[in-house]
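Okay, structure first, notes after.
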Amino acid sequence: MVLLICVPEPVLAASCLAPSRPFLPNDSQAARHYADIIRGDFEDYIQDIQSYFRCLDSERARAFEEAREVSEDYGRFLQLVRD
């Protein structure tokens with residue numbers, strides 16, 4: 001197993017921040033009173049979680065590509081030390 005000590009590119013996963021779960025009051029009167037705000041919070045959450053999933057998908061693709069490149073680099077390294 002090879003550990004990377006220095007990461008040349010910024011780690012994108014750190015920018016994939018999961019949105020906070022919206023608050024849902026237990027009190028039906030409070031829910032009705034703040035319905036517009038709560039509805040907006042849920043709609044914002046749904047948009048934000050979709051963006052979060054896209055970010056994770058992008059990071060996963062980036063990480064797989066990086067792993068492929070590192071594997072190739074390791075193969076070249078092994079060839080160099082065998083020669």
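We number each residue from 1, following the sequence as shown.
In this view, Arg68 and Glu65, Glu72 satisfy the salt bridge (Lys or Arg N to Asp or Glu O under 4.0 Å) rule, not counting sequence neighbours. For Arg60, the side chain to side chain contact (heavy atoms under 4.5 Å, CB included) partners two or more places apart in sequence, or in a different chain, are Phe64. By the side chain to side chain contact (heavy atoms under 4.5 Å, CB included) test, Tyr52 pairs with Cys16, Ala18, Pro19, Ile49, Leu56, sequence neighbours left out. The salt bridge (Lys or Arg N to Asp or Glu O under 4.0 Å) check on Asp73 picks up Arg76, with sequence neighbours excluded. Applying the side chain to side chain contact (heavy atoms under 4.5 Å, CB included) rule to Leu24 yields the partners Ile38, Phe42; only residues at least two apart in sequence or on another chain are considered.
Rounding to the nearest 0.5 angstrom, the gap separating the CD atom in Glu66 from the OG atom in Ser71 is 10.5 Å. Considering CG of Leu17 and CG of Asp48, their distance stands at 10.5 Å, rounded to 0.5 Å.
Judged as a side chain to side chain donor-acceptor pair (under 3.5 Å), the pairs with a partner in residues 29-42 (not counting sequence neighbours) are, in order, Asp36-Arg39.
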